Structures are given as C-alpha cells and as structure tokens.
Chemist: 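Got a structure for you, written out below as structure tokens; questions coming shortly.
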Amino acid sequence: MKKNKRLIENYEKYISPLREEYYKNILQQDSNNLPKSILFLINNLSFIISIIIILIGGFTTTSYIISLISILITNIIIKIISKTFNLESTNKYLAEIQKQGYFSIEDYEDKIRKYITGPTGYYQQQLDEIKAKYNINDQTTRKISTIGGDEYYIWSNAKQDKINLLNTKPNKKPSIETIRIANVRYFRVDNERHCLILKTDIKIYHLKPESLPILNEIMKNKRLENIKNFTPDVYINDFELFMHRIKKEMNTNSIYDNERLSNNISKLIISLIFIIISIIIKNIIHSYQFILIIISIIAIFILNNAFKEIISFKIKKTINDEDAIKIINNDPECIDYFNELKYSLGISDQFDKIYTTENVCYLTWAANGYFHIFLNLIYFNVVYMAIKPSDIKYYKVDNKTCEIKLKDKTLVFTKDAASVFAKILPNKDYEWLKGYQNTK
C-alpha cells in the first residue's frame with residue numbers, strides 16, 4: 001500500500017470518475033490509434049526540444065533561458081494546432097492517464113489491475129477486511145446482481161429496518177451502502193427491459209430478475225403492487241433532489257478545479273526556483289556539476305508538465321439553463337430517472353401531447369376524476385398538475401392559441417390543443433358555455 005499510495009490516491013481522486021464514465025459510454029468515446037512512439041514524442045516534444053537546446057548550448061545560463069522560453073512557445077503552438085485541427089481527444093479518461101505518463105488505456109488498466117482492482121490488489125484486501133468484520137461469505141450471504149454486471153452481498157440488520165449492500169468484486173472500491181427500508185419507495189418488475197427496478201429515495205437499481213425472491217423476502221410490502229397509497233409528491237421530491245445534485249455536479253469543476261490549478265502553478269514556481277538555484281550554484285561552485293545538471297533537467301521536466309496542465313486548464317463557468325436542459329435531456333441516467341418518475345406517477349401511453357407557444361411539450365390526460373398536465377421535459381423542477389374539473393372555468397381558442405382558465409392561473413398552448421381539450425374536457429369550451437348560459 002505505501003509503495004503505491006500515490007497511484008491509489010490519483011486513481012481515486014482524479015481518474016476513477018473518468019474511468020467509470022468511459023466504460024459507461026465507451027461507444028461514444030474516441031480512441032487514439034497513433035503508435036506509442038509517436039504519442040510519446042508529441043506528449044514530450046517541448047521537453048525534448050528544451051533539452052536539445054541546453055545540450056547544444058553547453059549547459060550555459062543562456063541555453064537554460066532559451067530552453068525555458070522554448071517550453072512556453074512549443075506548448076502554446078501544440079495547443080493551438082490541436083484546437084485548430086480538432087486533434088484533442090474527447091476521451092477524458094485517456095487524456096488524463098496520458099498526463100500521468102501512460103501511453104494507452106491498456107497500459108494503465110494493467111497497472112491498476114495489478115495494484116488496485118485485481119485479485120491481489122488493494123481493493124481486494126479492503127473487501128476481505130469488510131467481509132471478515134461483518135461475517136460475510138459466499139456460502140451463506142445472499143447476493144443480488146444488476147443488469148450492468150455489478151453484484152452485491154445483501155443482508156438485513158438485526159431490527160430488520162435496514163438493508164446493507166456490499167459490492168462483491170474488487171473492480172470498485174469496496175463500501176457498504178445502507179438503505180433504510182422506510183426510504184425504499186418500491187420495487188417492481190420491468191417487463192420491457194426484463195429486469196427489476198428497485199427505487200429508493202436517492203437511487204434506482206436495475207436488478208436481474210433472479211433477485212426477485214430475495215426482495216420479496218426482505219421487503220415484500222414494498223412491492224409496487226402491494227402499495228396502497230399513491231404519493232406523487234414523494235416521487236416528485238425524490239426526482240427534484242436528484243436533479244439538483246446533478247446541477248451541483250455540473251456547476252462544480254471536476255478534476256480541473258481550482259485546487260489542481262493551484263497545485264500546478266506551485267509546481268511551476270518551485271521547479272523554476274530549483275532551476276535558477278542550480279544555475280547559480282553551478283556558476284559559483286565548479287564541483288558537483290553533473291548532479292546540478294541532473295537536478296535542473298528534472299526540474300525542467302516538472303516545469304514543462306505543470307505548464308502543459310496550466311494551459312489545458314479550463315475554468316468551467318456556471319452553466320445557464322439553456323445549456324443545462326440540453327445536457328440533462330441527453331444524459332442516459334437523467335432520462336432513466338425521468339422515465340421512472342413518469343411510471344411512478346402513473347403516466348401510461350394513454351395521453352395526448354400539447355405544446356406551448358414556445359414549443360414546449362406537455363402531456364395531458366383524464367384519469368380518476370382529474371385532469372392531468374405534466375411537463376414532458378427533463379428539468380430541475382417538475383411541473384405536474386392534477387386538476388379537478390370543477391376548478392377549470394373554460395378553455396378558449398383564438399387565432400393562434402388555446403387558453404385554459406383555472407381558478408388561480410391561466411395556461412396558454414397552441415391552437416391545436418383545442419382538439420385535445422374538446423375530447424377530455426367536455427362542456428368546458430368557452431363558446432359552448434357562453435351559448436349555454438345565454439339559453440338559460
């Protein structure tokens with residue numbers, strides 16, 4: 001562990017989230033098929049040029065100054081060319097491990113498999129310690145599996161009011177997830193995807209069908225068919241909390257944060273100081289010349305990498321609503337959570353679509369004595385109304401819009417919505433009501 005402490009820390013702090021994202025969206029990631037030798041040359045071109053300048057200059061003060069200037073110019077030119085010709089990789093996982101000196105994903109995966117995620121790695125040691133502490137073993141402890149390939153040990157506490165989940169494989173950092181039974185909203189069979197949906201207040205698990213007997217045994221009263229009370233406010237609140245966590249993550253710099261920028265600036269300054277001190281000592285004291293040259297070259301290498309990081313750093317501004325809507329409406333996790341919200345609210349295929357004058361889609365339907373309207377757009381807040389027909393005064397059509405008047409508000413849609421309201425809101429047409437009143 002001590003020997004590979006830095007490898008583990010970098011993996012957990014910077015790389016693990018990018019690695020998880022990469023494997024989640026692997027088909028969308030680009031790859032770098034350049035030979036390793038060419039890749040090495042590109043990544044270290046500025047350093048190589050600077051060393052050549054120092055060698056040609058005979059390790060003089062002038063040669064060091066020119067080499068430092070060349071680092072700045074070369075890195076900036078490489079950055080401009082990469083941006084101009086779109087040569088920068090969209091594979092954040094690959095880009096990050098290359099910064100740490102690995103040529104390819106395969107090289108890095110071999111390293112972490114050996115020391116972290118493999119059968120003799122650090123995570124396996126942690127997993128064995130947790131299993132020993134909680135008396136978990138493969139013979140007696142039950143397991144549930146997700147359709148994504150994850151597997152968990154599952155067991156209840158003594159009071160039977162909580163369940164614990166522990167990932168069985170060391171490919172991820174071992175940790176126990178404790179879920180209060182009270183916070184389990186429901187579990188259900190999803191026939192379309194041939195899986196089980198286990199929904200809690202903060203997470204949705206997609207489990208293999210074989211997990212059904214275990215869930216029935218542990219919390220059969222949480223099976224959706226057995227739940228008597230319909231609680232739309234609870235489901236909406238869960239979704240909004242989930243979306244606000246997403247928003248917070250979107251507006252927080254991931255690995256390229258201020259701390260990392262500050263660290264690289266510090267590295268650049270410290271390495272520059274070492275270079276200057278080495279040059280001064282070299283000119284004053286004529287012994288230990290070789291050692292001083294080696295120290296200065298190492299410092300130049302660190303300075304070069306720090307500068308590359310600094311010019312690659314992007315300050316992520318707060319994302320505006322328009323950009324956020326585009327991102328979350330194309331994010332698989334958000335789409336899945338949104339679809340489950342619609343299912344939990346009882347939104348089936350028996351609905352009509354109506355549109356606002358801004359072309360925003362709403363779903364509408366009549367059920368259980370109510371008129372329902374639902375914003376069919378993934379957003380940070382949910383717009384859902386279940387309205388009593390008695391609270392609807394009328395709907396009115398003009399040349400371009402259809403206006404529906406409620407007790408406390410007015411909703412405006414395109415003119416096409418009138419045909420939908422005529423079907424699900426009989427006797428609420430403004431002209432019909434006016435004519436009806438005139439005949440009294």
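Treat the numbers as computed from the prediction; the structure is a model and nothing was measured.
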Chemist: State which residues pass ring pair (Phe, Tyr, Trp, His ring centres under 6.0 Å) with Tyr235; sequence neighbours excluded, sorted by chain then number.
Modeler: Tyr186
Chemist: Within a reach of under 6.0 Å around CG of Asp408, are more than 12 heavy atoms found that belong to other residues, nucleotides or ligands?
Modeler: yes
Chemist: Can you list the residues that meet the ring pair (Phe, Tyr, Trp, His ring centres under 6.0 Å) rule with Phe242, with sequence neighbours excluded?
Modeler: Tyr337
Chemist: Got a sec, which residues hit salt bridge (charged side-chain N to carboxylate O under 4.0 Å, His left out) with Glu217, two or more places apart in sequence or on another chain?
Modeler: Arg142
Chemist: Run the side-chain donor-acceptor check on residues 359-366: report pairs under 3.5 Å with partners two or more places apart or on a different chain.
Modeler:
unit_1: Thr364; atom_1: OG1; unit_2: His372; atom_2: O; d: 2.9

Chemist: Between Asp336 and Arg193, does at least one N-O distance fall below 4.0 Å, as a salt bridge requires?
Modeler: yes
Chemist: So, using salt bridge (charged side-chain N to carboxylate O under 4.0 Å, His left out) as the criterion, who are the partners of Asp110 when residues are at least two apart?
Modeler: Arg113
Chemist: Can you confirm whether Arg180 is buried at CZ, in the sense that more than 12 heavy atoms of other residues, nucleotides or ligands lie under 6.0 Å from that atom?
Modeler: no
Chemist: Would you compute the distance between atom CG of Leu68 and atom OG of Ser50 and round it to the nearest 0.5 angstrom?
Modeler: 7.5 Å
Chemist: Could you grab the distance from atom CD1 of Ile76 to atom NZ of Lys308, nearest 0.5 Å is fine?
Modeler: 14.0 Å
Chemist: Does anything in residues 339-359 pair up under ring-ring contact (aromatic ring centres under 6.0 Å, His included), and if so which pairs, sequence neighbours excluded?
Modeler: none
Chemist: Centroid-to-centroid, Phe274 to Tyr64, below 6.0 Å?
Modeler: no
Chemist: Are Lys143 and Asp138 close enough, and set up right, to give a salt bridge (Lys or Arg N to Asp or Glu O under 4.0 Å), and what steps lead you there?
Modeler: CA-CA 8 Å; Lys143 300 175 187 175; Asp138 293 315; 3.1 Å; yes
Chemist: Tyr134: which residues meet the side-chain contact (heavy atoms from CB on, under 4.5 Å) condition with it, sequence neighbours left out?
Modeler: Ile130, Ile136, Trp155, Ile176
Chemist: Nearest 0.5 angstrom please: Ser63 OG to Ile56 CD1, how far?
Modeler: 10.0 Å
Chemist: Check the side chains of Asp161 and Asn157 for a donor-acceptor pair under 3.5 angstrom, ignoring hydrogens and angles.
Modeler: yes
Chemist: Identify the heavy atoms of Ile275 and Ala299 that sit nearest to each other, and give their distance.
Modeler: CG1-CB, 3.5 Å
Chemist: Does Glu129 have any salt bridge (charged side-chain N to carboxylate O under 4.0 Å, His left out) partners at least two apart in sequence or in another chain, and if so, which?
Modeler: none
Chemist: Using ring centroids (six-membered ring only for Trp), state whether Tyr122 and Tyr115 fall under 6.0 Å.
Modeler: no
Chemist: What I want to find out is whether Arg19 reaches Glu109 closely enough, with some N-O distance under 4.0 Å, to be called a salt bridge.
Modeler: yes
Chemist: What pairs with Tyr108 under ring pair (Phe, Tyr, Trp, His ring centres under 6.0 Å), at least two apart in sequence or on another chain?
Modeler: Tyr102
Chemist: Salt-bridged, Lys162 to Glu177, with N to O below 4.0 Å?
Modeler: no
Chemist: According to side-chain contact (heavy atoms from CB on, under 4.5 Å), who are the partners of Leu212, at least two apart in sequence or on a separate chain?
Modeler: Phe187, Val189, Leu196, Asn216, Arg223
Chemist: Which pairs count as ring-ring contact (aromatic ring centres under 6.0 Å, His included) when at least one residue sits in residues 193-230, sequence neighbours excluded?
Modeler: none
Chemist: Is it the case that Thr61 and Asn283 place a side-chain donor and acceptor less than 3.5 Å from each other?
Modeler: yes
Chemist: According to salt bridge (charged side-chain N to carboxylate O under 4.0 Å, His left out), who are the partners of Glu322, at least two apart in sequence or on a separate chain?
Modeler: none
